[in-house]
Amino acid sequence: MSLLVIAACLAAGSLIGFMGGVLGIGGGLIAIPALVLLMGMSQQLAQGTALIMVLPAITMAVRKYNQQTRIDKRVAAAGAAGAVVFTWVGARLALGIDSSVLRRSFAVFLFFIAVFYVWQTWRAGRLAARRKSGDQHPQPASGKHAEKHAEKHAEKHAEKPAAPAFTPRRASVLGMLCGTLGGFFGVGGAVLAVPIITTVFRLSQTTAQALALSMVIPGSTIALITYGWAGQADWMVGVPLAIGSLLFVPVGVRLAYKLPERKLRASFALMLFATVALLAFES
């Protein structure tokens, strides 16, 4: 491989690592379609090669997230344990199907995740607007009107039912699902876990990203071994990508904690739609 290609991989890895750190996706969603489109790799080879870059990058990202807000290690470990075996199953399934079928399946999966994020961002904006308009509503002077207004205000601002706790048992079940997807698509476990954690368990976006990435590290290791054993991983491309990615993941994570959550969700959705467009172009 020429020095020019290695330098290009280092530069590309730096950009992917930065974006992966910001969005909490490890960069694999960006790397896979790029490897297929720019280097003519099959979907399986692109997924295996992307895992070489993704594994050290997500390990670095988890370390940086943990420095900002302590990750619940019991929950993360339970999710990781649930993912390990199912990641191997997903990887074996992916290696046994046609590359174009796998690529289309990947695009459909990402499209629905992106639509969900758009809906979640829109819903959060509407709720914020309602709260703001309710706070600015003029108070009636006195009497029955004041009592009615107080009752409506109390109903509107009544506390919602508490979100279910994200326990180790629930994390283990989520890990099984995410492990299967992560093995099948090379990436994707964290992409599915993040919206589930933010919506069902109502944890913050950055906390969800930190937990999701923590859960997929052991499974990603199993997936990389499985793809590599089958000859579906190009280390000469993956290693420079990984080195470049590691340099800029910390910068991306720091930015993630400074961005408003709605903007972070919107950026995540846009990144997914862009990936779907690339995959459709490749098809």
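Predicted model, so just to flag it, every value in this text is computed and none were measured.
Formation of a donor-acceptor pair under 3.5 Å by the Gln44 side chain with backbone atoms of Ile97 is found in this model. In this structure, the side chain of Ser14 engages the main chain of Gly244 through a donor-acceptor pair within 3.5 Å. Between the side chain of Ser99 and the main chain of Gln43, a donor-acceptor pair closer than 3.5 Å is present. Of the possible donor and acceptor atoms, none in the side chain of Ser172 sits under 3.5 Å from a partner among the backbone N and O of Pro168. Checked by atom type and distance alone, the side chain of Thr199 pairs as donor or acceptor with a backbone atom of Pro195 at under 3.5 Å.
The shortest heavy-atom contact between Leu246 and Pro56 is CD2-O, 3.3 Å. The minimum heavy-atom distance linking Gly17 with Ser245 is given by the pair CA-OG, 3.2 Å. Of all heavy-atom pairs between Ala12 and Leu241, the closest is CB-CD2, 4.0 Å. The two atoms that bring Gly231 and Leu45 nearest to each other are O-CD1, 4.3 Å, heavy atoms only. The minimum heavy-atom distance linking Ile197 with Ala208 is given by the pair CG2-CB, 3.7 Å. For Ala269 against Val118, the heavy-atom pair with the smallest separation is CB-CG2, 3.9 Å.
Put simply, the side chain of Val115 reaches to within 4.5 Å of the side chain of Phe273, judged on heavy atoms. Considering only heavy atoms from C-beta on, Leu102 comes within 4.5 Å of Phe185 through its side chain. Looking only at side-chain heavy atoms (C-beta outward), Leu95 and Tyr227 come within less than 4.5 Å of each other. Proximity of Pro164 to Val200: side-chain heavy atoms (C-beta onward) are separated by under 4.5 Å at one or more points. Using a 4.5 Å cut-off on side-chain heavy atoms (C-beta onward), Thr49 and Met39 make no contact. Contact of the Val249 side chain with the Arg63 side chain is not registered, since no non-hydrogen atoms from C-beta on lie closer than 4.5 Å. Residues Ile217 and Leu55 form a side-chain contact, since some pair of their non-hydrogen atoms from C-beta on lies under 4.5 Å apart. Two residues are said to be in side-chain contact when any heavy atoms from C-beta on lie closer than 4.5 Å; Phe18 and Leu255 meet this criterion.
Trp88 and Trp229 sit in two unconnected hydrophobic clusters of ILVMFWY residues. Membership requires side-chain heavy atoms under 4.5 Å apart, directly or through other members. Follow the hydrophobic side-chain contacts under 4.5 Å out from Val84 and you reach Val75 in the same cluster. One hydrophobic cluster holds both Trp119 and Val276 under the rule that ILVMFWY side chains link at heavy-atom gaps under 4.5 Å. Under the 4.5 Å side-chain heavy-atom criterion for grouping Ile, Leu, Val, Met, Phe, Trp and Tyr, Ile225 is not connected to Val54 through any hydrophobic cluster. Under a hydrophobic-cluster definition in which Ile, Leu, Val, Met, Phe, Trp and Tyr are linked whenever side-chain heavy atoms come within less than 4.5 Å, directly or via other members, Trp235 and Leu51 are assigned to the same cluster.
In this structure, Arg103 CZ and Ile32 CD1 are separated by 11.5 Å, a value rounded to the nearest 0.5 Å. Here the CD1-CE distance, from Ile58 to Met53, works out to 10.0 Å after rounding to the nearest 0.5 Å. With rounding to the nearest 0.5 angstrom, the CG atom of Asp234 is 4.5 Å from the CE atom of Met41. If you take CD1 on Ile196 and CG on Leu177, they are separated by 6.0 Å, rounding to the nearest 0.5 Å. Leu10 contributes atom CG, which lies 13.0 Å from atom CG of Leu15 (distance to the nearest 0.5 angstrom). To the nearest 0.5 angstrom, Leu247 atom CG is 8.5 Å from Met60 atom CE.
Within 6.0 Å of the CZ atom in Phe166, the count of heavy atoms belonging to other residues, nucleotides or ligands exceeds 12. Within a 6.0 Å radius of CZ in Phe109, other residues, nucleotides and ligands contribute more than 12 heavy atoms.
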Before you tell me yes or no, could you show the steps for Arg92 and Val89 under side chain to side chain contact (heavy atoms under 4.5 Å, CB included), namely the whole-Å CA-CA distance, both residues' side-chain angles and the distance that decides it to 0.1 Å? CA-CA 5 Å; Arg92 293 306 307 169; Val89 172; 6.0 Å; no
Full working for side chain to side chain contact (heavy atoms under 4.5 Å, CB included) between Ile52 and Leu224: CA-CA 7 Å; Ile52 300 170; Leu224 177 57; 3.7 Å; yes
Going through the checks in order, is the side chain to side chain contact (heavy atoms under 4.5 Å, CB included) test met by Gln232 and Ser42? CA-CA 9 Å; Gln232 297 294 332; Ser42 68; 3.8 Å; yes
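Scanning for side-chain hydrogen bond (donor to acceptor under 3.5 Å, both in side chains) contacts around Thr198 gives Gln120, with sequence neighbours left out.
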